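The structure appears right after this line, and notes come after that.
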Amino acid sequence: MTGADELGHEPLTWDYDAWHEPTHGCQLTTDAGVFTFIWGSTFGCYGLEVFDRSIGEFIINIGEPWGPIVLPVGDHPRWQRLLGREIVNTELAWVDWSSGAATPCWVRLDLAAEQQEGASESVWIAAGRWDRDRFLFATDDVTTVFDHGEATRTGIMK
């Protein structure tokens, strides 16, 4: 979704087609409940943290002129085609850093095929961001990747 939120605040650029950079985090609402994916340093290095609570419990000043805004993306083509599909598998990847601390860096959600003739799809939610043509993990950003080619380019998939 582009444009301002309901209060008229303009979002930073976040839609890069095959990937989105919501920066602070991503909240998914499923039949099993609400899940929030944010960056944090609970494990000693910045990484991805997953909670079964609303994003509003972790991010302050939402909607304030200097704070983040929440943008519903249910009408966005990249998200819309995923709605209502069963998550059939997940993988949470931990990375061992030279500091000796293992940190979760990304989660992959595998979704069931859309219909019998459709193909299954995967979505990756990672703690990291693009810097020029290189993906940097363990930054204070969240990026959602929708495309296997982009997942390979980030280093999530080999």
Side-chain angles (χ1 to χ4, degrees), residues 1-2 5 9-30 32-64 66-74 76-83 85 87-111 120-158:
M1 180 172 132
T2 58
D5 70 354
H9 301 113
E10 289 292 329
L12 298 174
T13 301
W14 59 272
D15 185 354
Y16 298 91
D17 189 38
W19 55 278
H20 291 167
E21 188 177 334
T23 304
H24 293 291
C26 179
Q27 176 182 297
L28 302 179
T29 302
T30 71
V34 173
F35 297 92
T36 294
F37 303 82
I38 60 173
W39 56 269
S41 60
T42 297
F43 301 97
C45 182
Y46 280 104
L48 188 68
E49 298 184 3
V50 183
F51 298 95
D52 60 353
R53 297 188 309 268
S54 169
I55 198 166
E57 292 187 39
F58 303 97
I59 298 176
I60 60 171
N61 300 325
I62 291 175
E64 298 294 329
W66 59 88
I69 63 173
V70 174
L71 292 172
V73 293
H76 190 283
R78 288 283 184 179
W79 288 101
Q80 193 172 42
R81 71 172 196 246
L82 306 175
L83 297 177
R85 292 170 65 180
I87 298 172
V88 296
N89 191 39
T90 62
E91 179 184 6
L92 178 64
W94 290 72
V95 174
D96 289 317
W97 300 105
S98 58
S99 65
T103 304
C105 259
W106 56 264
V107 64
R108 186 189 72 235
L109 306 174
D110 298 327
L111 299 137
S120 61
E121 291 186 69
S122 297
V123 175
W124 295 263
I125 302 172
R129 65 178 166 78
W130 283 103
D131 184 15
R132 297 182 191 93
D133 200 34
R134 182 172 170 234
F135 194 81
L136 304 173
F137 286 101
T139 65
D140 55 352
D141 303 276
V142 171
T143 298
T144 304
V145 181
F146 300 96
D147 179 83
H148 280 96
E150 284 298 300
T152 301
R153 195 163 76 102
T154 63
I156 289 171
M157 285 182 54
K158 301 290 182 203

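Since we're looking at a predicted model, the values are computed, not measured. Computation of the quantities below employed the complete heavy-atom set of this structure, encompassing side-chain atoms and omitting hydrogens, waters and symmetry-equivalent molecules.
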Seminar exercise, completed: Closest non-hydrogen contact found for Ile38 with Gly25 is CG2-CA, 4.1 Å
For this session: With side-chain contact (heavy atoms from CB on, under 4.5 Å) as the test, would you mind laying out the steps for Leu28 and Ile125 before giving the verdict?
Result: CA-CA 11 Å; Leu28 302 179; Ile125 302 172; 4.2 Å; yes
Exercise. Looking at Trp94 versus Phe43, is the centre-to-centre ring distance below 6.0 Å?
Worked result: yes
Exercise. If every non-hydrogen atom of Ile87 is compared with every non-hydrogen atom of Thr90, which pair is closest and at what distance?
Worked result: CG2-CG2, 3.7 Å
For this session: Output the distance between atom NE2 (His148) and atom CZ (Arg153), rounded to the nearest 0.5 Å.
Result: 15.5 Å
For this session: For a side chain to side chain contact (heavy atoms under 4.5 Å, CB included) with Glu21, tell me which candidate from Val145, Asp15, Thr143, Thr13 qualifies.
Result: Thr143
For this session: Indicate the atoms forming the closest heavy-atom contact of Ala18 with Glu150, along with that distance.
Result: CB-CG, 3.4 Å
Seminar exercise, completed: OG1 (Thr30) and CG (Leu83) are apart, to the nearest 0.5 Å, by 12.0 Å
For this session: Could you give me the CA-CA distance, side-chain angles and deciding distance for Trp19 and Thr154, then say whether side-chain contact (heavy atoms from CB on, under 4.5 Å) is met?
Result: CA-CA 11 Å; Trp19 55 278; Thr154 63; over 6 Å; no
For this session: Look up atom OG1 in Thr152 and atom CZ in Phe135, then write down how far apart they are to the nearest 0.5 Å.
Result: 13.0 Å
Exercise. Is the shortest distance from a Lys or Arg side-chain nitrogen in Asp17 or Arg78 to a carboxylate oxygen in the other one below 4.0 Å?
Worked result: yes
For this session: Identify the residue among Trp130, Phe146, Trp124 that makes a ring-ring contact (aromatic ring centres under 6.0 Å, His included) with His20.
Result: Phe146
Problem set entry | Within the 6.0 Å centroid threshold, strictly below: Phe35 and Phe37 | no
Exercise. CG of Asp131 to CG of Leu136: how many Å apart, nearest 0.5 Å?
Worked result: 5.0 Å
Exercise. Could you state the interatomic distance from CZ (Arg81) to NE2 (His76), rounded to the nearest 0.5 Å?
Worked result: 10.0 Å
Exercise. So do Val95 and Thr103 actually touch side chain to side chain, heavy atoms under 4.5 Å?
Worked result: no
Exercise. Do Phe58 and Thr36 pass the side-chain contact (heavy atoms from CB on, under 4.5 Å) test, and can you show the C-alpha distance, the side-chain angles, and the key distance before you say yes or no?
Worked result: CA-CA 9 Å; Phe58 303 97; Thr36 294; 4.1 Å; yes
Exercise. Can any side-chain N or O of Gln27 pair as donor or acceptor with the backbone N or O of Ile55 at less than 3.5 Å?
Worked result: yes
Seminar exercise, completed: Minimal heavy-atom distance between Pro68 and Ile59, with the atoms involved, is CG-CG2, 3.4 Å
Exercise. Any idea which heavy atoms bring Cys26 and Thr144 closest together, and the distance?
Worked result: SG-OG1, 4.4 Å
For this session: Measure from the side-chain N and O atoms of Trp106 to the backbone N and O of Ala126, and report whether any donor-acceptor pair falls under 3.5 Å.
Result: no
Exercise. Does the side-chain contact (heavy atoms from CB on, under 4.5 Å) test come out yes or no for Arg108 and Asn89, once each step is laid out?
Worked result: CA-CA 8 Å; Arg108 186 189 72 235; Asn89 191 39; 3.3 Å; yes
For this session: Quick one: pull up CD in Glu91 and CD1 in Ile156 and give me the separation to the nearest 0.5 Å.
Result: 10.5 Å
Exercise. Which pair of heavy atoms, one from Ala138 and one from Cys105, lies closest together, and at what distance?
Worked result: N-SG, 4.4 Å
